[in-house]
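Notes to accompany the following structure.
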Amino acid sequence: MSVVTRFAPSPTGFLHIGGARTALFNWLFTQHHGGKFLLRIEDTDRKRSSQEAVDAILDGLRWLELGWDGEPVYQFAQQARHAEVAHAMLEAGHAYRCYCSPDELTAMREKAKAEKRPIRYDGTWRDRDPSQAPAGVDPVIRLKAPQDGETVIDDLVQGRVTVQNAELDDMVLLRADGTPTYMLSVVVDDHDMGCTHVIRGDDHLNNAFRQAQVFMAMGWDLPVFAHIPLIHGADGAKLSKRHGALGVDAYRDMGFLPEAVRNYLLRLGWGHGDDEIISTAQAIEWFDMDGVGRSASRFDMAKLTNLNGHYLRNTDDARLVDLVVPLLADAHDSVVDEAGRARLLAGMAGLKERAKDLNELAANSVFYVRDGAQPLNDKAEKLLAGDARAHLANMANTFATLEPWTDDALEAAVREAAEAADVKLGKMAQPLRAALTGSNASPSLFEVMRILGRDETLARLRGQT
RNA sequence: GGUCCCAUCGUCUAGUGGUUAGGACGUCAGCCUUUCACGCUGAAGACACGGGUUCGAGCCCCGUUGGGAUCACCA
């Protein structure tokens with residue numbers, strides 16, 4: 001039997017990091033087993049669903065490179081089918097009409113709460129004859145759930161979980177207005193889509209029991225469930241916007257690479273021995289549910305950042321240039337021309353060693369693409385205080401006739417000058433760096449000068465004197 | 001509150017009855033070095049607690065404590 005999984009977000013907001021991990025696990029699971037990864041948009045809550053959210057989720061999945069099979073299924077469009085199943089259950093005696101008003105139900109709950117009894121529907125209409133129905137009340141259809149025995153879920157992550165049927169009440173399948181509830185829709189859609197595995201957040205574990213009852217009432221095969229633990233914020237509390245429950249687009253904007261985010265999310269709650277850096281191909285080969293832990297994990301921005309730095313350093317220079325050029329234009333007001341692009345490409349190896357994310361990479365790259373005297377940051381300003389500018393002028397004269405224009409020759413010239421002036425190399429090099437890059441930190445000074453070329457180097461040095 | 005789930009360094013985890021409890025991120029120290037990074041070396045740092053079972057328990061059982069999820073005509 002071929003594996004079919006689905007990712008089923010509600011389009012009520014962006015694709016947050018927890019949803020992204022759920023999608024990743026579903027995707028990896030199907031890639032590993034050679035199955036199909038389907039997408040279902042659970043848009044039955046018309047008030048909270050929006051097309052913008054659908055787009056954001058799709059964009060997020062695309063950015064993470066988690067491709068799905070076929071067209072997304074929109075749950076709202078399946079309404080008639082869901083209602084049909086509810087009526088079939090009614091016919092078969094697995095469901096019944098309930099005429100309780102919302103007020104009555106509220107009163108029922110209040111009473112149960114006051115008496116410290118479990119809060120659940122008391123089955124008022126379960127065995128009552130429909131002839132006793134009050135006039136003018138549209139009934140809901142409730143599941144006629146088994147009252148004795150227990151329901152068992154053999155969960156791939158949580159193990160065998162059992163709940164007494166007496167703990168479960170008769171949930172609503174079809175509302176008074178004839179629309180299906182989520183609990184019904186999920187089951188029907190999972191069945192109709194042929195899902196063999198349902199991999200989702202463990203906030204759904206409790207729902208699984210009632211959903212299992214619907215599957216059984218319809219005589220359908222139960223999918224294999226895998227409820228994966230939720231991701232918490234750094235403080236251990238539920239993920240909130242303050243610490244990571246951002247949309248994946250926010251991580252893209254923070255300059256993270258999709259492969260770094262995937263690797264991080266994979267290791268959050270899943271392990272394979274001591275392995276940390278895991279390529280997507282390797283992940284597909286290794287991934288399975290038995291490696292998934294059962295406890296919630298905390299989101300750690302520092303580790304994501306570290307991983308991102310690793311992937312950045314191992315990314316092809318040309319791809320990084322392509323990623324950085326738009327950032328230079330947008331955030332640094334520097335439109336990159338052909339010459340700038342060539343410098344960027346030449347300097348990228350040195351640049352990428354020093355950045356943790358694309359934004360930092362772009363910021364550190366600006367000096368390569370902005371011609372002329374560089375604006376100085378505070379530390380660069382200090383480096384050029386005192387007699388430093390005089391050294392600059394001397395060095396410029398030396399460089400004017402230096403041959404060949406190579407890292408080694410450049411370094412030799414600067415070392416010689418430092419010796420002649422009887423100062424340490426740093427004393428000579430740092431002011432040069434400040435003038436050339438506008439900063440106190442940069443890639444190798446000699447590499448910078450080589451890439452900038454003689455004319456630009458001289459222009460920048462003389463521009464500061 | 002009922003039900004369900006969870007519990008190894010600050011964080012992510014390895015560990016399935018016998019280990020000096022391992023790795024990674026982070027932290028600290030040092031090396032490298034023209035700066036900043038990278039890299040390298042080293043250090044500190046954990047089995048929540050209490051009972052069992054066993055020759056022996058981080059691993060098995062029970063309880064306690066702590067955390068989480070869920071209890072709608074939302075999804």
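Naming convention: chains lettered A, B, ... in sequence-line order (proteins, then strands); numbering from 1 in each chain. Heavy atoms only: backbone and side chains are in, while hydrogens, waters and symmetry mates are out.
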Greater than 12 external heavy atoms within 6.0 Å of A:R46's CZ | yes
Does A:E84 come within less than 4.0 Å of A:R81, counting only side-chain N to carboxylate O?
-> yes
[options]: which one has an atom nearest the side-chain heavy atoms of [X]?
| X | options | result |
| --- | --- | --- |
| A:L268 | B:rC12, B:rG26, B:rC4 | B:rC12 |
| A:D274 | B:rG23, B:rU3, B:rC12 | B:rG23 |
| A:D300 | B:rA7, B:rG10, B:rC5 | B:rG10 |
| A:H232 | B:rG68, B:rG2, B:rC73 | B:rG68 |
| A:K356 | B:rC38, B:rU34, B:rC73 | B:rC38 |
| A:R142 | B:rC12, B:rC4, B:rC73 | B:rC73 |
| A:E353 | B:rU35, B:rU3, B:rA37 | B:rA37 |
| A:N206 | B:rG26, B:rA69, B:rU34 | B:rA69 |
| A:Y182 | B:rC73, B:rA75, B:rC36 | B:rA75 |
| A:F446 | B:rC4, B:rA75, B:rU34 | B:rU34 |

Going by distance alone, is a donor N or O of one side chain under 3.5 Å from an acceptor N or O of the other, for A:H310 and A:N263?
-> no
Does the side chain of A:S442 pick up a donor-acceptor pair with the side chain of A:R433 at under 3.5 Å?
-> yes
Flag the pair [X] / [Y] as yes when their ring centroid distance falls below 6.0 Å, and as no otherwise.
| X | Y | answer |
| --- | --- | --- |
| A:H197 | A:F29 | yes |
| A:F14 | A:H16 | no |
| A:F299 | A:Y251 | yes |
| A:F25 | A:F7 | no |

Which part of the nucleic acid does [X] contact within heavy-atom distance under 4.0 Å: base, sugar-phosphate only, or nothing?
| X | value |
| --- | --- |
| A:L230 | sugar-phosphate |
| A:E276 | base |
| A:S444 | base |
| A:V140 | base |
| A:N440 | base |
| A:R313 | sugar-phosphate |
| A:T44 | sugar-phosphate |
| A:A176 | base |
| A:G293 | nothing |
| A:N207 | base |

Starting from the 5' end of RNA chain B, give me the residue, A:A355 or A:L445, whose nearest nucleotide shows up first.
-> A:L445
Residue whose closest nucleotide on RNA chain B lies nearer the 5' end, A:V163 versus A:R298 | A:V163
For atom [atom1], what is the distance between [N] and [M], given to the nearest Å?
| N | M | atom1 | answer |
| --- | --- | --- | --- |
| B:rU65 | B:rU41 | C1' | 42 Å |
| B:rG15 | B:rU20 | C1' | 15 Å |
| B:rG58 | B:rC49 | P | 11 Å |
| B:rC73 | B:rG68 | C1' | 28 Å |
| B:rA43 | B:rU54 | P | 40 Å |
| B:rA44 | B:rU33 | P | 28 Å |
| B:rG52 | B:rU13 | P | 33 Å |
| B:rA57 | B:rG23 | P | 25 Å |

Using both distances under 3.5 Å as the test, list the Watson-Crick or G-U wobble partner of [N], or none.
| N | result |
| --- | --- |
| B:rU11 | B:rA24 |
| B:rA75 | none |
| B:rA44 | none |
| B:rU70 | B:rG2 |

For atom CH2 of A:W270 and atom P of B:rA14, their distance in whole Å | 10 Å
Hey, is the side chain of [X] poking within less than 4.0 Å of OP1 or OP2 on [N], counting only N and O atoms?
| X | N | value |
| --- | --- | --- |
| A:R109 | B:rC73 | yes |
| A:R294 | B:rA7 | no |
| A:S442 | B:rU35 | no |

When only distance counts, do a donor and an acceptor, one from the side chain of A:R354 and one from the base of B:rC36, lie under 3.5 Å apart?
-> yes
Look at the side chain of A:K303 against the base of B:rA24 and say whether a donor-acceptor pair falls under 3.5 Å; ignore hydrogens and angles.
-> yes
